[in-house]
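Report on the following structure.
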There are 2 protein chains.
Amino acid sequence: MRTSRPRTKQGPRFIHERILADIQGKILSGRWAAGCRIPIEQELMKQYQCSRMTVSKVLTRLAHAGLIVRRRKAGSFVGHPHSQSAVLDIPDIKVEVAALDLPYSYGVLHRHKRRSSREEREIFGKDGAVPMLELDCLHMAGEQPFCLEQRLINLQAVPEAASETFAELAPGAWLRRRVPWMLAEHRIRAAAAEPEAAAALKIKPRTPCLVIERTTRDVASAITFVRLIYPGNLHELVASFMPIAAVSDADLRDRSPASRARSG
Amino acid sequence: MRTSRPRTKQGPRFIHERILADIQGKILSGRWAAGCRIPIEQELMKQYQCSRMTVSKVLTRLAHAGLIVRRRKAGSFVGHPHSQSAVLDIPDIKVEVAALDLPYSYGVLHRHKRRSSREEREIFGKDGAVPMLELDCLHMAGEQPFCLEQRLINLQAVPEAASETFAELAPGAWLRRRVPWMLAEHRIRAAAAEPEAAAALKIKPRTPCLVIERTTRDVASAITFVRLIYPGNLHELVASFMPIAAVSDADLRDRSPASRARSG
DNA sequence: CAGGCTATAATGTATAGTCATATACTCGAC
DNA sequence: GTCGAGTATATGACTATACATTATAGCCTG
């Protein structure tokens with residue numbers, strides 16, 4: 001009921017803003033899953049009663065931002081997020097290990113359902129307590145522990161996680177399939193390994209570790225919080241910054257060859 | 001004379017690609033300094049022999065990417081970089097300390113001119129040795145050492161640095177004034193403090209530290225390499241990711257220096 | 001000279017088309 | 001059934017134009 005609201009933070013004034021907000025919202029909220037085809041320009045023209053240029057410019061912008069992929073004749077599709085977040089490259093741990101040419105394995109150390117505590121409520125931004133799944137996983141590179149993962153999953157946002165054992169797929173990858181587009185916030189710091197973490201990682205207590213905490217949320221609420229603890233010299237985070245990719249738009253268009261899910 | 005060249009990595013095929021590449025190149029290379037006014041749409045139309053829509057779309061895209069700021073009637077201007085790199089927010093250390101409400105001071109511990117060694121040549125991507133300025137600085141928050149900065153400046157790229165004492169302005173800030181737009185690559189890791197670093201920072205050796213290494217380059221060559229060593233729990237890096245800013249384009253246009261709400 | 005008004009110059013939004021290009025799909029030849 | 005040619009379709013590039021918005025610069029008045 002937003003009738004005659006004060007003029008602060010007024011809604012979209014222009015057609016293109018409305019289209020952008022609508023589409024971005026649908027993608028970020030997960031209503032349009034990754035790979036899903038989005039309406040063609042003609043349909044959007046009709047829907048928003050505007051010209052083709054207008055919708056096209058919005059779609060082009062979304063494509064540049066990496067949210068969608070456009071293919072001639074086929075249409076426009078919701079992009080796959082991991083190809084996007086290259087600004088701060090925190091890939092799948094499995095991929096990281098593979099890049100080191102070491103066999104990857106992983107195991108769940110601890111799995112526990114409970115309600116969110118008060119401090120966690122801060123993270124998940126809800127007033128009431130939320131059902132959570134608490135997971136501790138250990139990722140191995142060969143015989144050596146590579147990363148300790150301490151994760152909380154908001155079961156209200158992802159109820160299916162409650163019955164998932166994560167025996168096959170690590171929770172990170174598992175979640176990425178379900179909640180494809182998301183807003184992420186990282187906090188990165190160095191810390192000495194706590195005794196328990198050190199034991200799990202088979203390193204001496206007080207060894208310097210790189211600690212990455214990431215809160216992942218969709219538009220509505222936080223979905224998962226994860227703390228990744230990497231033994232000091234094993235891991236390095238790389239982030240590079242280039243304002244606009246030097247690749248041609250043509251290169252940008254058709255990445256991710258095979259994947260073509262079709263959902264409504 | 002590009003007659004029938006093989007189609008690999010051919011130059012810009014389209015007008016808009018050429019315009020984009022040209023303008024981005026001029027900004028990134030520093031030929032157009034921050035704040036500098038860029039040609040108005042009419043001039044670009046004439047220069048590239050195309051319609052206004054075409055140049056406008058390019059400029060709009062550059063504006064969305066944060067490289068330029070557009071103001072009605074006034075024209076388009078090269079943006080100020082620090083307002084941009086919000087993806088991985090590594091601000092001026094002075095600003096960091098100010099945010100903690102502590103008095104900031106800093107001093108140069110070591111200043112030394114020399115030629116680049118072989119491993120550094122790797123960083124700076126030149127074949128021959130390059131004249132370099134080596135600097136060690138200590139940044140203080142109140143009475144406490146806050147960050148140790150170990151920096152190399154490519155004197156071939158920034159000759160003025162040779163005669164600069166950096167007594168007033170820290171090298172990071174000093175460089176930012178000179179080389180406004182740049183490509184940056186960060187490597188972030190946790191490491192135990194080396195004895196010398198520990199002594200400078202007045203912490204126990206082997207204390208976990210957050211080490212940030214950043215190579216900054218313009219299109220031609222690396223300009224500076226810096227290693228920032230933060231005592232473990234003193235510092236946290238925050239990076240948040242949002243595909244397209246939720247703000248309206250209007251908000252985006254006139255960003256004032258006092259903006260940038262912290263995220264979380 | 002302060003304060004306000006206006007003309008103007010720049011961007012901002014949007015329309016309505018044309019032609020180009022890539023490609024999913026169909027359909028026919030084999 | 002498979003391969004290949006042709007066709008339909010959706011995006012891509014671009015033009016030409018119109019009107020809106022807004023900040024600057026200069027003018028005009030008191």
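Chain letters run A, B, ... following the sequence lines, proteins first, then strands; residues in each count from 1. All values derive from a computational prediction rather than experimental measurement.
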Would one find a side-chain N or O of B:R71 under 4.0 angstrom from OP1 or OP2 of D:dT24? yes
For this session: Just do the side chain to side chain contact (heavy atoms under 4.5 Å, CB included) check on A:E96 and A:I93 with the steps written out, would you?
Result: CA-CA 5 Å; A:E96 286 185 82; A:I93 297 172; 3.7 Å; yes
Of A:C50 and B:E41, the one whose closest nucleotide on DNA chain C sits nearer the 5' end is B:E41
Looking only at C:dA14, D:dT11, C:dT15, the nucleotide nearest the A:S51 side chain is C:dT15
Rounded to whole Å, the CG-P distance (A:L20 to C:dT13) equals 12 Å
* Would a 4.5 Å heavy-atom cut-off, applied to side chains only, mark B:T60 and B:R70 as touching? -> yes
From NZ of B:K57 across to P of D:dA16 the rounded distance in Å is 15 Å
D:dG12 OP1/OP2 closer than 4.0 Å to side-chain N/O of A:S56 = no
In whole angstroms, the gap separating C1' of D:dA13 from CG of A:L59 amounts to 15 Å
Atom CZ of B:F14 and atom C1' of D:dT15 are separated, to the nearest Å, by 16 Å
Is A:R70 close enough to D:dG12 that one of its side-chain N or O atoms is under 4.0 Å from OP1 or OP2 there?
yes
Between the CG atom in B:L59 and the CZ atom in B:R61, the distance rounded to the nearest 0.5 Å is 12.0 Å
note: A:R52, atom CZ; C:dG17, atom P; distance rounded to Å ~ 13 Å
- prompt: Within the modelled atom types, does a donor on one side and an acceptor on the other bring the side chain of B:R13 and the base of D:dG12 under 3.5 Å apart?
  reply: no
Contacts satisfying ring-ring contact (aromatic ring centres under 6.0 Å, His included) that involve residues 152-178 of chain A (not counting sequence neighbours) are A:F166-A:W174
Show me the protein contacts with nucleotides 4-9 of chain D, counting only N or O atoms at under 3.5 Å.
residue : atom : partner : partner atom : Å
D:dT9   : O4'  : A:K73   : NZ           : 3.2

Exercise. Across the strands shown, which category fits A:I15 at heavy-atom distances under 4.0 angstrom: base, sugar-phosphate, nothing?
Worked result: sugar-phosphate
Taken to the nearest whole Å, CD/A:E43 to C1'/D:dA10 is 11 Å
Output for pair (A:L28 CG, A:R217 CZ), nearest 0.5 Å, gives 12.0 Å
Side chain to side chain contact (heavy atoms under 4.5 Å, CB included) filter on B:S105, not counting sequence neighbours, yields B:M140
Rounded to whole Å, OH of A:Y48 lies from P of C:dA14 at a distance of 13 Å
When B:P39 and A:Q49 are each assigned the nearest nucleotide of DNA chain C, the 5'-most assignment goes to B:P39
A:H16 NE2 to D:dA20 P, in whole Å, measures 17 Å
CD of B:E43 to CD1 of B:I38, rounded to nearest 0.5 Å, is 10.0 Å
Margin query: D:dT15, OP1 or OP2 - any side-chain N/O from B:T54 closer than 4.0 Å?
Written below: yes
